[in-house]
A.B. asks: 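Would you mind keeping the following structure in view while I ask a few things?
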Amino acid sequence: MTEQLIIFDTTLRDGEQSPGASMTKDEKVRIAKALERMRVDVIEAGFAIASKGDFEAVEAVAKAVKDSRICSLSRALDADIDRAGEALRPANASRIHTFIATSPIHMKMKLRMEPDQVIENAVRAVKRARQHTDDVEFSPEDAGRSDTDFLCRILEAVIDAGATTLNIPDTVGYNLPNQFGSLIGTLRERIPNADKAVFSVHCHNDLGLAVANSLSAVMNGARQVECTINGLGERAGNAALEEVVMAVRTRQDMFPCDTNIDTQHIVAASRLVSGVTGFLVQPNKAIVGANAFAHESGIHQDGVLKNRETYEIMRAEDVGWNTNRMVLGKHSGRNAFRSRLLELGIELDSEAELNAAFTRFKELADKKHEIYDEDLQALVSDVVAATDERISLVSMKVCSETGETPEASITLSVDGHERHTQTSGSGPVDAAFKAIESIVQSHTELQLYSVSNITTGTDAQGEVNVRLEKGGRIVSGQGADTDIVIASAKAYLNALNKILEPAERAHPQV
Ligand code: KIV
Ligand code: ZN
């Protein structure tokens, strides 16, 4: 009998800890719904005590998702645990994930606690979490650099206190596959009550080994993997969900377990996360990169045409490439539009949003004959982002001519009041950004500006990513349009709206 490998997705929590990857509540709900559709078992929706916004996002995900278990992170502190329990109240199935550091360096330098105090705090936290839910996960942070005897002691104690999942994090991505796998094997063997909990792993990718370490742990008895879409996460990121899931699925000859994931939704989820965060997927990224299934050399193409298994170990359509890319056009009606959105897993919150999206769709269809799924996804992101923005684009005119200095004339709505200005720049985008900045006076620094095409052809929409920094805080913004200067202005405004929001939020590990 194949055992179940639980997939715990932490895109919305650890993923969001990547500088610049912060997401709004609505964006988190959209991603959570995509994860639910993919049949992710547990969704870590955030760190409820971090801020009012984080609390509301966990609560909104707990309300919106019914088929996946919803989890909130909390330090081993009563206030954190109670806040997590409160945010999770609407969930059909909830989990509290509490953690405390166990490596000598973290206990001494960060916590300034003796090992026995750390055990006491861990046990108290797990007992308190059990008052909110019977599904409690405990993580000894920096387990990958912790003493094995100490890990055995603390893990035995938290199981007795009621922990149902023991998550072993390689917090700094320091471990090697053999070593990490045998750590899991040793813990399972040596902890007397190990059979009362599920062993989980949470690997960071600092040495590029997060997926390899996770798989090695699974071969040694771990039955939950914590991962993120596109491998998003703190520093070099976490283990990529799509890689873990497809490795286990493709190599069933090697694994005694499999996941419940519906792999056909992987590419759509990857695109959604990349669109929302502005973290582009490299073309050669396994499974979800644009070239992951492309065969360039003639020998490979010839082989694949004769028998695809000569060079392909997975089928592109099994992870959602090229599935039913139904094309809409200017004659498509509201119903076709709405049902295509639903097939793509996009549910808009209100009729007003659906109307706004349909109007944008008609405008786009006038400029571009065929509207692909990718166009719809970008269009909906734009409409949802614009819904409650303080600053929005009313109109814009940009002149660029050989031998002349480009000029941008722009009207913005700022808190409901129209403001207009005209500025020149070294190019049309520079002029537009300068015009916006002269109205908004944000004093932010532009860290990244990139343009990519959403589909092919010169009539394609351009998707612009902008990353802004102010006082150490980094946000990213996205915008899409067939006119890349307008797309640039939208992306810049999207980022400005985020950076102008007050964002006092605690980081769980600091
Ligand atoms: O990397 C880590 O240790 C974490 C814990 C909070 C599980 O993210
Ligand atoms: Zn982590």
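The structure displayed is predicted, hence computed values, not measured ones. Order of appearance sets the numbers: ligands from 1, and atoms from 1 within every ligand.
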A.B. asks: Side chains of H507 and E234: donor-acceptor distance under 3.5 Å anywhere?
C.D. replies: yes
A.B. asks: Who's closest to atom 8 (O) of ligand 1 heavy-atom-wise, of H97, H106, R13?
C.D. replies: R13
A.B. asks: Answer whether the closest heavy-atom distance between the side chains of I49 and R75 falls below 4.5 Å.
C.D. replies: yes
A.B. asks: Without hydrogens or angle criteria, can the side chains of D142 and T171 be said to hold a donor-acceptor pair below 3.5 Å?
C.D. replies: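 There is no such pair between these side chains.
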A.B. asks: In D14, which N, O or S atom comes closest to the Zn ion (ligand 2)?
C.D. replies: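 Relative to the Zn ion (ligand 2), the closest nitrogen, oxygen or sulfur of D14 carries the name OD2.
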A.B. asks: I need the contact type for Q509 against ligand 1. Using non-hydrogen atoms and a strict under-4.0 Å cut-off, is it side chain, backbone, both or neither?
C.D. replies: side chain
A.B. asks: Counting heavy atoms not belonging to L448, are there more than 12 under 6.0 Å from its CG?
C.D. replies: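 More than 12 within 6.0 Å, yes.
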A.B. asks: Among protein heavy atoms, which sits nearest to atom 3 (O) of ligand 1, and what does the distance come to when rounded to 0.1 Å?
C.D. replies: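 Sorting protein heavy atoms by distance from atom 3 (O) of ligand 1 puts T171 OG1, 2.6 Å first.
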A.B. asks: Looking at H202, pick out the N, O or S atom nearest to the Zn ion (ligand 2) and give its name.
C.D. replies: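 Looking only at N, O and S atoms of H202, the one nearest the Zn ion (ligand 2) is named NE2.
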A.B. asks: Which ligand 1 atoms are under 4.0 Å away from a heavy-atom of D14?
C.D. replies: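 Checking each atom against D14, I get 8 (O).
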A.B. asks: Do any nitrogen or oxygen atoms of H204 come within less than 3.5 Å of a nitrogen or oxygen of ligand 1?
C.D. replies: yes
A.B. asks: Would you mind reporting whether L215 and V244 have side-chain heavy atoms less than 4.5 Å apart?
C.D. replies: yes
A.B. asks: Could you check whether any side-chain heavy atom of D41 comes within less than 4.5 Å of a side-chain heavy atom of Q4, counting everything from C-beta outward?
C.D. replies: yes
A.B. asks: Report the relative orientation of the aromatic rings in Y449 and F433; use parallel for angles under 30°, tilted for 30 to 60°, perpendicular for over 60°.
C.D. replies: perpendicular
A.B. asks: Which atoms from ligand 1 have a heavy atom of E141 less than 4.0 Å away?
C.D. replies: 3 (O)
A.B. asks: Are Q17 and ligand 1 in contact, using a heavy-atom cut-off of under 4.0 Å?
C.D. replies: no
